[in-house]
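Below is one structure, written out as structure tokens; the observations come after it.
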Amino acid sequence: MNKQYTIIRCGKLFDGVIAEWKEGWSILVEDDRIAEVGPQIPEPEGAKVVDLSDAQVTPGMIDAHMHMDYFDWRTIREEVYTTSEEAKTLAVAHTAKKALARGFTTVRHIGGITSKGYGVLDVKRAIERGYLEGSRIVAAPLFLCSAGSHGDLSQGFSQNPELSAILQSHRTTLGAGRDFFVNAVREQVKYGSDFLKIMATGGFFTPNDTPIQQQLNDEELEAIITTAHELGKTVTAHVYTNELMQKLIRFGIDGMEHGALMNEETAAMFEEKGLYLVPTFCPYEEAVHYNPEAIKLKQPEFRRKLEMYKDVLQAGRKVICKSKIRLGYGTDFVANHQNYESGYEYEAWMNNGMDPFRALMAATSVNAGILGLEDQVGTIEKGKLADISAWKRDLMTDPKALLECAWVMKEGKEYRTESCL
């Protein structure tokens, strides 16, 4: 079979390795992989030439915190109970295709919001086998949680205990006790989960809990982490409070999500251990940069909690931004953007004064490490899969630059792009 070659001529190239732009470099793609990259590369006869000399070229972007199993954030609560598992699987496929068209060639599904099943793994495998177009998926289909917790969406029916109990029983990773969660981890690994996700504290999106509640006890948390590591899987946690973040660090967790109420002591512990944090800035922007009119557009419970915690959210944001924590890029869009519009998180990083290169590193090479894909994607280097995106707006100065992908390639194949704007 003849090899397929593509030459990509870059205006400026960020390779995900060094925080700088390389001008006038080119990339040679052989089939699905990067064969050469540099100012001078071989040019095989018959190679297709892609002229991106007016664009900034980067590795394919990675969103490390996505919930893929709904069609529209404005109807997400309805989709939890009014659509079938089959429809939720279709939503995952829809999200994967839309994300790829926006320059995000890999996404991490971090537990189903509406789904109670394993459709995300079916979509993942269908994409890997070439049956569907979409971003590469790394997935934890179901998060581990307790009754009444942020992971228990039946709490919205708590005034009807009989109905709530029925709905709660449908979440097979919702339970109590060390033995329950040891077995739940084993089952998730058996069914194909790439990693484990714990709902460790309450949150902003659910009606009856708060971000400062610990929602699994110490024995349960430690059992999850230990069992996952015995089976060769990493663990992350939805968590906000410093006490619990510090506890999870002592238990040996691999990384965490959100961490929005962080203080300097906790940040120092992250730095010392080299743990990652995916801070998901965008969902809290209206509180951090206080905008009461924008807050009014969110769901009632989200609105109330953002008002209640805005001062500590503002303090935590400052700590995270000035820290040297290994920050990943993730969105967690359930209340303000469609789940595939991942470029809005870049705007939040820029609006918080973050170095654009730190954001780009987070969305490429750092995220590849978090997902365990550092040998395959995240950088533009010889031998890596040819996941490449290009942007016409200036990523160094334009907060909306990552909302308009000009060109995208995944594993050596070009795909149509769409704008978020």
Side-chain angles (χ1 to χ4, degrees), residues 14-19 34 57-68 95-96 99-100 102-111 120 124 127 134-140 194-197 233-238 253-259 270 274-283 320-321 323-333 339-350 354-381 384-389 391 395 401-403 405 408-411:
F14 166 69
D15 61 10
V17 180
I18 301 173
I34 296 167
V57 178
T58 68
M61 294 290 153
I62 303 171
D63 186 336
H65 191 121
M66 183 182 282
H67 302 286
M68 305 179 70
T95 302
L100 178 59
R102 283 153 179 77
F104 282 75
T105 55
T106 305
V107 298
R108 183 171 71 148
H109 175 80
I110 198 152
V120 65
K124 170 186 172 174
I127 290 171
S135 304
R136 181 182 299 101
I137 298 173
V138 173
D194 293 308
F195 63 99
L196 281 302
K197 161 77 177 297
K233 299 295 182 180
T234 60
V235 184
T236 191
H238 161 106
I253 200 165
D254 301 281
M256 302 183 218
E257 316 297 310
H258 313 308
F270 268 84
L275 300 184
Y276 71 79
L277 175 72
V278 181
T280 64
F281 287 149
C282 199
I320 292 170
C321 288
S323 76
K324 296 180 181 178
I325 297 172
R326 184 159 62 106
L327 297 181
Y329 181 107
T331 52
D332 193 31
F333 289 160
N339 47 14
Y340 49 79
E341 295 182 323
S342 301
Y344 280 104
E345 179 71 6
Y346 192 73
E347 183 176 22
W349 284 57
M350 295 280 276
M354 297 288 275
D355 180 355
F357 278 121
R358 190 176 187 188
L360 292 175
M361 286 286 192
T364 55
S365 52
V366 174
N367 270 358
I370 290 171
L371 274 58
L373 298 176
E374 60 270 35
D375 293 335
Q376 300 180 52
V377 298
T379 59
I380 296 177
E381 296 180 279
K384 294 285 186 76
L385 288 171
D387 280 23
I388 304 166
S389 299
W391 318 85
L395 290 162
L402 218 63
L403 292 169
C405 181
V408 65
M409 169 180 278
K410 176 182 166 231
E411 296 182 11

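Since this is a predicted model, take the numbers as computed values, not measurements.
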If we ignore hydrogens and angles and just use 3.5 Å, is the side chain of [X] paired with the main-chain N or O of [Y] as donor and acceptor?
X: E345; Y: C282; value: yes
X: T236; Y: G255; value: yes
X: Y276; Y: V366; value: no
X: D15; Y: I380; value: no
X: T331; Y: H65; value: yes
X: S135; Y: L100; value: yes
X: K197; Y: I110; value: yes
X: K410; Y: G134; value: yes
X: N367; Y: I62; value: yes

According to ring-ring contact (aromatic ring centres under 6.0 Å, His included), who are the partners of F281, at least two apart in sequence or on a separate chain?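 If we apply the ring-ring contact (aromatic ring centres under 6.0 Å, His included) test to F281, skipping adjacent residues, the hits are W349.
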Please state whether the rings of H238 and H258 are parallel, tilted or perpendicular, taking 30° and 60° as the class boundaries.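 Correct class here is perpendicular.
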Just verifying a value: how many Å separate [X] [atom1] and [Y] [atom2], rounded to the nearest 0.5 Å?
X: T58; Y: L395; atom1: OG1; atom2: CG; result: 7.0 Å
X: L327; Y: M354; atom1: CG; atom2: CE; result: 5.0 Å
X: S365; Y: E381; atom1: OG; atom2: CD; result: 9.0 Å
X: L277; Y: I325; atom1: CG; atom2: CD1; result: 5.5 Å
X: L275; Y: I370; atom1: CG; atom2: CD1; result: 10.5 Å
X: F14; Y: S389; atom1: CZ; atom2: OG; result: 12.0 Å

Could you tell me which non-hydrogen atom of [X] sits nearest to which non-hydrogen atom of [Y], and how far apart they are?
X: A359; Y: Y346; value: CB-CE1, 3.6 Å
X: G378; Y: T364; value: O-CB, 3.4 Å
X: A362; Y: G328; value: CB-C, 4.0 Å
X: R136; Y: E411; value: NH2-OE2, 2.9 Å
X: D254; Y: T234; value: OD2-CA, 3.2 Å
X: I253; Y: A237; value: CD1-CB, 3.7 Å

Would you please say whether a donor-acceptor pair under 3.5 Å links the side chains of D332 and T280?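 Short answer, no.
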Examine the side chains of T105 and D387 and answer whether a donor and an acceptor come within less than 3.5 Å of each other.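 Yes, because at least one side-chain N or O of T105 sits under 3.5 Å from a partner of the opposite role on D387.
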Hey, mind stepping through R102 and M61 against side-chain contact (heavy atoms from CB on, under 4.5 Å) and telling me if it holds? CA-CA 9 Å; R102 283 153 179 77; M61 294 290 153; over 6 Å; no
Set of residues satisfying side chain to side chain contact (heavy atoms under 4.5 Å, CB included) with respect to A96, sequence neighbours excluded: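 Counting only residues at least two positions away or on another chain, A96 forms a side chain to side chain contact (heavy atoms under 4.5 Å, CB included) with M68, I127, I137.
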Verdict with supporting geometry, D63 and S342, side-chain hydrogen bond (donor to acceptor under 3.5 Å, both in side chains): CA-CA 7 Å; D63 186 336; S342 301; 2.7 Å; yes
Sub-4.5 Å side-chain heavy-atom contact between L402 and F104: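 Heavy-atom side-chain distance check passes, below 4.5 Å.
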Quick check: do F270 and R326 have side-chain heavy atoms less than 4.5 Å from each other?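 F270 vs R326: side chains apart.
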Positive for side-chain hydrogen bond (donor to acceptor under 3.5 Å, both in side chains) with D194, one of K233, K124, R108: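 One option only clears the test, and that one is K124.
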